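Worksheet: one structure, shown below.
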Amino acid sequence: MIVWLNGTHGAGKTTTSVLVQQLLPDSRVFDAEKVGEALMDIKPGLPALGNFQHWPPWRPLVVETARRVLDYTGGTLVMPMTVLVEEYWREISTGLAQHAIPVRHFVLHADQETLRGRIEGDTVLGPSTFRLDYLEPYAEAARTWLHAEAEVVDTTHLTPDLAALRIAEAVKG
């Protein structure tokens with residue numbers, strides 16, 4: 001099974017994924033961003049499209065990597081990864097379904113003011129224009145398709161521990 005944690009930067013995906021993994025027996029965290037980082041290391045570089053998710057190989061490589069890891073280890077993969085383009089989510093979720101891999105899709109949500117404050121006050125990564133640039137695309141995806149496609153966990157006033165507990169209980173229940 002895959003527990004996919006979606007949402008924009010500052011929603012708490014990375015922190016929550018580690019906590020969810022600790023609550024789900026036989027689970028591992030797989031950050032699909034690492035697949036994008038591998039593609040970014042290709043020299044000479046792939047076409048500059050602004051985000052590795054726009055490269056056509058990224059999506060099937062995420063599916064194939066997740067499938068291969070699950071074939072090898074079994075259990076559950078907890079995957080913290082923002083996917084805001086509906087077509088990309090459909091490609092990934094359809095690819096996983098074709099391999100009979102069940103997916104629990106959660107969106108960690110917070111209001112725009114909270115997200116902005118978290119990004120600007122991030123003491124680990126520091127303030128990031130890149131991360132701030134995704135606030136409006138996230139809001140648009142949330143309004144148009146994303147919240148209808150997932151179980152929404154509002155983290156505006158929720159600690160990562162409580163968010164992880166809600167997700168783990170939903171998965172186990």
Side-chain angles (χ1 to χ4, degrees), residues 1-24 26-42 45-110 115 118-119 122 124-125 128 130-131 133-135 137-138 140-142 145-147 149-153 155 160 163-164 167-168 170-171:
M1 164 187 272
I2 290 176
V3 175
W4 194 290
L5 303 184
N6 206 338
T8 195
H9 306 284
K13 294 180 307 299
T14 302
T15 302
T16 304
S17 68
V18 172
L19 298 168
V20 168
Q21 184 275 321
Q22 294 169 1
L23 295 170
L24 293 178
D26 196 24
S27 66
R28 293 170 171 75
V29 174
F30 167 44
D31 188 343
E33 188 167 333
K34 301 301 181 191
V35 174
E37 289 173 3
L39 292 172
M40 290 189 301
D41 284 343
I42 293 173
L46 298 177
L49 299 178
N51 185 320
F52 59 74
Q53 290 188 17
H54 300 316
W55 290 327
W58 179 76
R59 297 169 307 274
L61 284 171
V62 167
V63 170
E64 187 63 16
T65 304
R67 179 182 78 85
R68 295 285 181 157
V69 170
L70 286 171
D71 283 351
Y72 180 61
T73 64
T76 299
L77 288 182
V78 180
M79 296 182 63
M81 187 70 222
T82 301
V83 178
L84 301 180
V85 177
E86 184 176 9
E87 175 187 343
Y88 298 171
W89 176 250
R90 297 259 176 260
E91 189 175 337
I92 291 167
S93 60
T94 299
L96 294 168
Q98 287 172 341
H99 294 291
I101 300 170
V103 177
R104 289 293 294 270
H105 184 199
F106 294 88
V107 171
L108 301 187
H109 172 80
L115 291 168
R118 289 178 185 171
I119 293 167
D122 191 322
V124 176
L125 299 174
S128 165
F130 174 84
R131 294 168 78 207
D133 287 346
Y134 280 86
L135 293 180
Y138 166 72
E140 178 65 18
W145 71 273
L146 183 58
H147 283 194
E149 291 290 322
E151 299 169 65
V152 178
V153 178
T155 67
I167 291 165
V171 170

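From a predicted model like this one, the values you see are computed outputs, not experimental measurements.
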Any donor-acceptor pair under 3.5 Å from S17 side chain to T14 backbone: yes
K34 vs E37, salt bridge (Lys or Arg N to Asp or Glu O under 4.0 Å): CA-CA, chis, key distance, verdict: CA-CA 5 Å; K34 301 301 181 191; E37 289 173 3; 3.6 Å; yes
Any L39 side-chain heavy atom under 4.5 Å of L61 side chain: yes
Ring centre gap for Y88 and H54 strictly below 6.0 Å: yes
R28 and T73, any side-chain heavy atoms less than 4.5 Å apart: yes
Worked verdict on L108 versus I167 for side-chain contact (heavy atoms from CB on, under 4.5 Å): CA-CA 10 Å; L108 301 187; I167 291 165; 3.7 Å; yes
By side-chain contact (heavy atoms from CB on, under 4.5 Å) - contacts of A164 (at least two apart): T16, L19, V20, L23
Within-4.5 Å side-chain heavy-atom neighbours: D31 and M81: yes
Trace of the side-chain hydrogen bond (donor to acceptor under 3.5 Å, both in side chains) decision for H109 with Y138: CA-CA 9 Å; H109 172 80; Y138 166 72; 2.6 Å; yes
Heavy-atom pair of closest approach, residues T15 and P160: CG2-CB, 3.6 Å
Carboxylate-amine/guanidinium contact D122 R118, below 4.0 Å: no
Residue list, ring-ring contact (aromatic ring centres under 6.0 Å, His included) with W55, at least two apart or on another chain: none
R68 CZ: over 12 foreign heavy atoms closer than 6.0 Å: no
Pair listing, salt bridge (charged side-chain N to carboxylate O under 4.0 Å, His left out) test, anchored in residues 47-58, at least two apart: none
Salt bridge present between R90 and E87 (N-O < 4.0 angstrom): no
Steps toward side-chain contact (heavy atoms from CB on, under 4.5 Å) verdict (V103, S93): CA-CA 8 Å; V103 177; S93 60; 5.7 Å; no
side-chain contact (heavy atoms from CB on, under 4.5 Å) assessment of Y134 paired with I119: CA-CA 11 Å; Y134 280 86; I119 293 167; over 6 Å; no
I2 and F30: CA distance, side-chain angles, deciding distance, side-chain contact (heavy atoms from CB on, under 4.5 Å) verdict: CA-CA 10 Å; I2 290 176; F30 167 44; over 6 Å; no
Heavy-atom side-chain proximity of H9 to L125 below 4.5 angstrom: no
Pairs involving residues 97-108, ordered by first then second residue, that meet side chain to side chain donor-acceptor pair (under 3.5 Å) (sequence neighbours left out): N6-H105, R104-E151
Partner residues of A141 under the side-chain contact (heavy atoms from CB on, under 4.5 Å) criterion, sequence neighbours left out: L84, W145, L146
Summary of salt bridge (charged side-chain N to carboxylate O under 4.0 Å, His left out) pairs that have at least one residue in residues 48-60, sequence neighbours excluded: R59-E91
